[in-house]
Amino acid sequence: FIPMAHGKELFLHGTLYNFLWVKAFNYLSDAREIYFIGYGFPETDINNLIYFWQFRNKIKNIIVYYENDNDPELSRLRKLFGSNVVKNVDAKKFLSDNMHIFYRFK
């Protein structure tokens, strides 16, 4: 779970957010796999896209839900991360169907 956009920390120098982003970076660096559930890298959060791009080889799934599978935002994500990574599915369904993925890391 990551706090508000990475780029916003520049406005909050010396606050808890800086500490949280440093912790997040450490955990993400050590992670074997990264899953984004319910976050679709909107164009307005370009800072987050740039930040997480450094971990793109660890990103296994980006789970977002769009009513239209040809939605331009979904197409943009698939071009960036690949169709095999970006899944257009309800988060609750993904979690219930794939809970075994998360138990193997215990």
Side-chain angles (χ1 to χ4, degrees):
F1 296 95
I2 307 275
M4 61 194 295
H6 180 257
K8 293 178 185 170
E9 76 173 294
L10 301 174
F11 301 106
L12 301 166
H13 183 70
T15 68
L16 176 62
Y17 290 105
N18 292 345
F19 171 76
L20 292 175
W21 275 102
V22 168
K23 293 292 274 181
F25 178 82
N26 291 334
Y27 284 116
L28 291 167
S29 296
D30 290 341
R32 289 180 274 164
E33 297 181 354
I34 299 171
Y35 293 78
F36 288 93
I37 300 174
Y39 180 69
F41 293 95
E43 289 185 66
T44 56
D45 279 351
I46 191 69
N47 288 327
N48 274 354
L49 178 60
I50 292 168
Y51 180 81
F52 287 111
W53 190 251
Q54 64 190 311
F55 302 108
R56 67 189 170 278
N57 294 332
K58 296 180 180 189
I59 297 173
K60 299 302 177 193
N61 281 294
I62 298 173
I63 307 304
V64 289
Y65 180 71
Y66 290 92
E67 288 186 25
N68 179 355
D69 198 52
N70 296 316
D71 188 284
E73 283 294 308
L74 196 53
S75 298
R76 180 181 66 84
L77 279 176
R78 287 177 172 155
K79 284 180 190 170
L80 289 169
F81 292 99
S83 294
N84 58 329
V85 171
V86 180
K87 310 274 191 312
N88 185 22
V89 64
D90 178 74
K92 185 176 178 180
K93 178 169 177 27
F94 174 82
L95 289 171
S96 65
D97 291 349
N98 295 283
M99 202 47 96
H100 64 279
I101 293 172
F102 304 105
Y103 283 117
R104 68 181 173 170
F105 292 116
K106 280 186 150 185

Lys93: which residues meet the salt bridge (charged side-chain N to carboxylate O under 4.0 Å, His left out) condition with it, sequence neighbours left out? Asp97
State which residues pass side-chain contact (heavy atoms from CB on, under 4.5 Å) with Ile46; sequence neighbours excluded, sorted by chain then number. Leu49, Ile50
Please report the shortest heavy-atom distance between Arg32 and Lys60, naming the atom on each side. O-CE, 4.4 Å
Residues two or more places apart in sequence or in another chain: which of them pass side chain to side chain donor-acceptor pair (under 3.5 Å) with Asp71? none
How about Tyr39 and Asn48: do any of their side-chain heavy atoms sit closer than 4.5 Å? yes
For Ile34 against Phe36, the heavy-atom pair lying closest together: CG2-CE1, 3.7 Å
side-chain contact (heavy atoms from CB on, under 4.5 Å) filter on Thr44, not counting sequence neighbours, yields Pro42
Rounded to the nearest 0.5 Å, how far does CD of Glu33 lie from CZ of Phe55? 15.0 Å
Aromatic ring pairing Phe94/Tyr35, orientation class (parallel under 30°, perpendicular over 60°, tilted between): tilted
Is the gap between the ring centers of Phe25 and Tyr27 under 6.0 Å? no
Straight-line distance of Asn98 CG to Ile37 CD1, nearest 0.5 Å: 8.5 Å
Which residues share a salt bridge (charged side-chain N to carboxylate O under 4.0 Å, His left out) with Arg56, sequence neighbours left out: none
Which atoms form the tightest heavy-atom contact between Asn68 and Asn70, and what is the distance? OD1-N, 2.8 Å
Closest approach of Phe41 and Ile62, non-hydrogen atoms and distance? CE1-CD1, 3.8 Å
Counting only N and O atoms by type, is there a donor-acceptor contact under 3.5 Å from the side chain of Lys58 to the main-chain atoms of Leu28? yes
Only counting residues at least two apart or in another chain, list the ones meeting side-chain contact (heavy atoms from CB on, under 4.5 Å) with Asp69. Leu74, Arg78, Asn88
Taking all heavy atoms of Asp90 and all of Tyr65, pick out the closest pair and write down the distance. N-CD1, 3.8 Å
